[in-house]
Amino acid sequence: MGQFRNVVVIEKNYLIQAGLEAIISELPGMVFQKACMGSEKNLAHLLIKQNPDVVIVNPFSLDQPVAVFLNTLNEHISPLIFGLMDKSAPENMKSPFANLLFFSDNKLEIQKKIRNVCEPVSDEQDKKQVLSKREATILKEVVLGLTNQEIADKLFLSVHTVTTHRKNINKKLGIKTVSGLTVYALMNQLVSMDEMENKG
Amino acid sequence: MLIDQKMKMADVVLHDPTLVPVINRFGIHLGFGDQTIEEICKTHGLHVQFFVITLNAFHDKLYFPTEQLQSFKASLLIDYLQKAHRYFLEDKTPEIADLIERTLREDDVNKTTYGLIKKFFNEYREEFAKHIEREDQIIFPYVLKLEKALEAGTAEEQLLHKIQTHPIVEYEAEHEDVEAKIFDLKNIIIRYLPTPNNDALWYQILREIFTLEKELAEHARIEDLILIPKVEAMEKAIKGGN
């Protein structure tokens, strides 16, 4: 996705949702993707599919324990997570979060907090948008229809490593689906039409 | 801005012209003079609240309808959603396919590369059509049955069983893959596709894809914000009533 960062806000209070949208929209490269109430069924899975870069969550809006919610998220995606609450919230509500936004923060404080956490990463990531040799090899196998397990066996890697490579490929190319990756691979001759037709 | 029934239709469209296809789907066409939304609904025999909720859901992505969901029949909503489906299948996607076809006929384009885009888009269309067919043939009839059962005050065993085993929430996550493909198509076109000499045609394809994506997201929002909560309430009422 390059420099742009998608932000999801989970907060049942509409005024706060809308306020955060306004503040986030003023930051360069930050895109307000979605506001959730916190009571949605399958909220964690909804977010996993959306795969936002930043999640701002008010733990009091969730209708499930915050630890359960964060664990489910972190198993699948790795967004930057901000807790959103009153400054006087109890310590056990604050401790699950590495970053906190408070209702009493002014606009500049909120923007500064978000930028501080979000910016250093983007520079480094943008420099290497080209696929590494390993990634190109894995892309080819994906396009030819192999599962992560099969790729791991073939290249003597762990499934976990293959998954990480695949995530990086998706990020670098900005393409998520296998058919999209196929178009890219064919356009760039990473795989030939003949190979595609013989994949069985 | 929240749209309400006392507003003039013309003012609303001047404020947000992307509502035009939505309004058309209700059988309303431009040229409404000075009429308010309420008056137009009356002449067209439309349910005012349903119309206003739908406009708002399209207009504002933070909009969240609350209490009025029970004020109109589910069949009204289904009728609207089916019209939207036909719009996507019969107008929108063929339009884009046609544009891609026209690009392929240009002399200077790389036939292999654009052939891949064409193939990709056709796959997308098939998948999208399947997704829509599933809604049309499984989900919508289910919703209509729920409404009938509620009106009759009694539900068949089969329907009760289905409420238990396949409640509407299970369908919620279905849109995602179709959306991911459109996202990829945009990226491929913008990042990797060599531009043909005919810039205007190329730009038109891109613009149409963005419009399609936006309209689909809005459509999904109608289903998530209006259809699903409404059906959930119906499921609950039937379960409670038996």
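Below, chain A is the first sequence line, B the second, and so on; all start at residue 1.
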Can you confirm whether more than 12 heavy atoms, excluding those of [X], are under 6.0 Å from its [atom1] atom?
X	atom1	answer
B/His161	NE2	no
B/Asp91	CG	yes
B/Lys111	NZ	yes
B/Lys145	NZ	no
A/Lys154	NZ	no
B/Lys119	NZ	no
A/Lys113	NZ	yes

Just verifying a value: how many Å separate [X] [atom1] and [Y] [atom2], rounded to the nearest 0.5 Å?
X	Y	atom1	atom2	result
A/Ser179	B/Glu127	OG	CD	6.5 Å
B/Ile188	A/Leu181	CD1	CG	8.0 Å
B/Asn187	A/Asn170	CG	CG	11.0 Å
B/Glu179	A/Lys49	CD	NZ	10.5 Å

Cut-off 4.5 Å, heavy atoms of chain A, and the answer for B/Leu193 is both

Would you call [X] and [Y] a side-chain contact if the rule is heavy atoms closer than 4.5 Å?
X	Y	answer
A/Ile175	B/Arg191	no
B/Leu116	A/Met193	yes
B/Phe120	A/Thr177	yes

Verify, without hydrogens or angle tests, whether B/Tyr192 (side chain) and A/Leu173 (backbone) share a donor-acceptor contact under 3.5 angstrom. yes

Honestly, the part of A/Phe32 sitting under 4.5 Å from a heavy atom of chain B is both

